[in-house]
Amino acid sequence: MLPARSRLRNPGDFRDTLRQGVRCGRATLVVHARRSAVVDGAGAVSRAGFIVSKAVGNAVHRNRVKRRLRHAAAAALPSAPFGVDVVVRALPPSAVADDLAGEFRLAFATCLDRLAA
């Protein structure tokens, strides 16, 4: 589970990440990332937010996709070499995807490479 300080909640943060960040797409999701401006005592904080529209499915499917993505983000965010804000937009095939966490890891790694360059 993502701790509270690792969640994007402000609509402005979502908007800025979508507009100013890099985008990496896969068949089941699109990851937008940018360097984080939020700093705590230990350094920059990595945060994640999720966009799962009704096109993915009914409420049960959308919530299942969000839970799976939160779990994948909680495992991947601490490995970032710098603080990063991540917005994950789930696409309709994500409702039936077998390896959603793997797709997220690949897209997240690609975004980190683009941000580091």
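Residue numbers count from 1 along this sequence. Basis for what follows: all heavy atoms, side chains included, without hydrogens, waters or symmetry-related copies.
Nearest heavy-atom pair, V31 versus C111, reported as atom, atom and distance to 0.1 Å: O-SG, 3.5 Å. Between A74 and P78, the shortest heavy-atom distance links the atoms O-CD, 3.2 Å. Closest approach of A90 and V52 over heavy atoms only: CB-CG2, 3.9 Å. Closest heavy-atom contact between L2 and R7: O-NH2, 2.6 Å. Of all heavy-atom pairs between R5 and V45, the closest is O-CG1, 3.5 Å. When all heavy atoms of A48 and L77 are compared, the pair lying nearest together is CB-CD1, 3.9 Å.
Rounding to the nearest 0.5 Å gives a distance of 10.5 Å between SG of C24 and CG of L106. The distance from the OG1 atom of T110 to the CZ atom of R105 is 12.5 Å, given to the nearest 0.5 Å. L115 CG to F82 CZ: the interatomic distance, rounded to the nearest 0.5 Å, is 5.0 Å. One finds the CG atom of L69 at 6.5 Å from the CG atom of L29 (value rounded to the nearest 0.5 Å). For the atom pair CZ of R67 and NE2 of H71, the computed distance is 12.5 Å after rounding to the nearest 0.5 Å. A distance of 12.0 Å separates CZ in R19 from NE2 in H32, rounded to the nearest 0.5 Å.
The backbone N or O of A33 sits nowhere less than 3.5 Å from a side-chain atom of T17 that would complete a donor-acceptor pair. S36 places no side-chain N or O within donor-acceptor distance of the main-chain N or O of S46, the cut-off being under 3.5 Å. The backbone N or O of G57 lies less than 3.5 Å from a partner atom in the side chain of R62, making a donor-acceptor pair. Here the side chain of R114 pairs a donor or acceptor atom with the backbone of R23 at under 3.5 angstrom.
Both V88 and V22 belong to a single network of hydrophobic side chains, linked directly or stepwise wherever heavy atoms of I, L, V, M, F, W or Y lie under 4.5 Å apart.
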### Task
Decide side chain to side chain contact (heavy atoms under 4.5 Å, CB included) for T28 and D99; before the verdict, give the C-alpha distance in whole Å, the side-chain angles of both, and the deciding distance to 0.1 Å.
CA-CA 10 Å; T28 57; D99 191 22; over 6 Å; no
### Query
Passes side chain to side chain contact (heavy atoms under 4.5 Å, CB included), R34 versus D16? Steps please.
CA-CA 9 Å; R34 73 179 180 122; D16 293 344; 3.7 Å; yes
### Message
Between R15 and L18, is the side chain to side chain contact (heavy atoms under 4.5 Å, CB included) condition met? List the steps.
### Response
CA-CA 5 Å; R15 183 183 59 247; L18 291 172; 5.9 Å; no
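Cation-pi geometry between R89 and F50 is not met at under 6.0 angstrom from the ring centre and within 45 degrees of the axis.
At least one side-chain heavy atom of I51 sits under 4.5 Å from a side-chain heavy atom of V87.
Atom CG of D98 has 12 or fewer heavy atoms from other residues, nucleotides or ligands within 6.0 Å.
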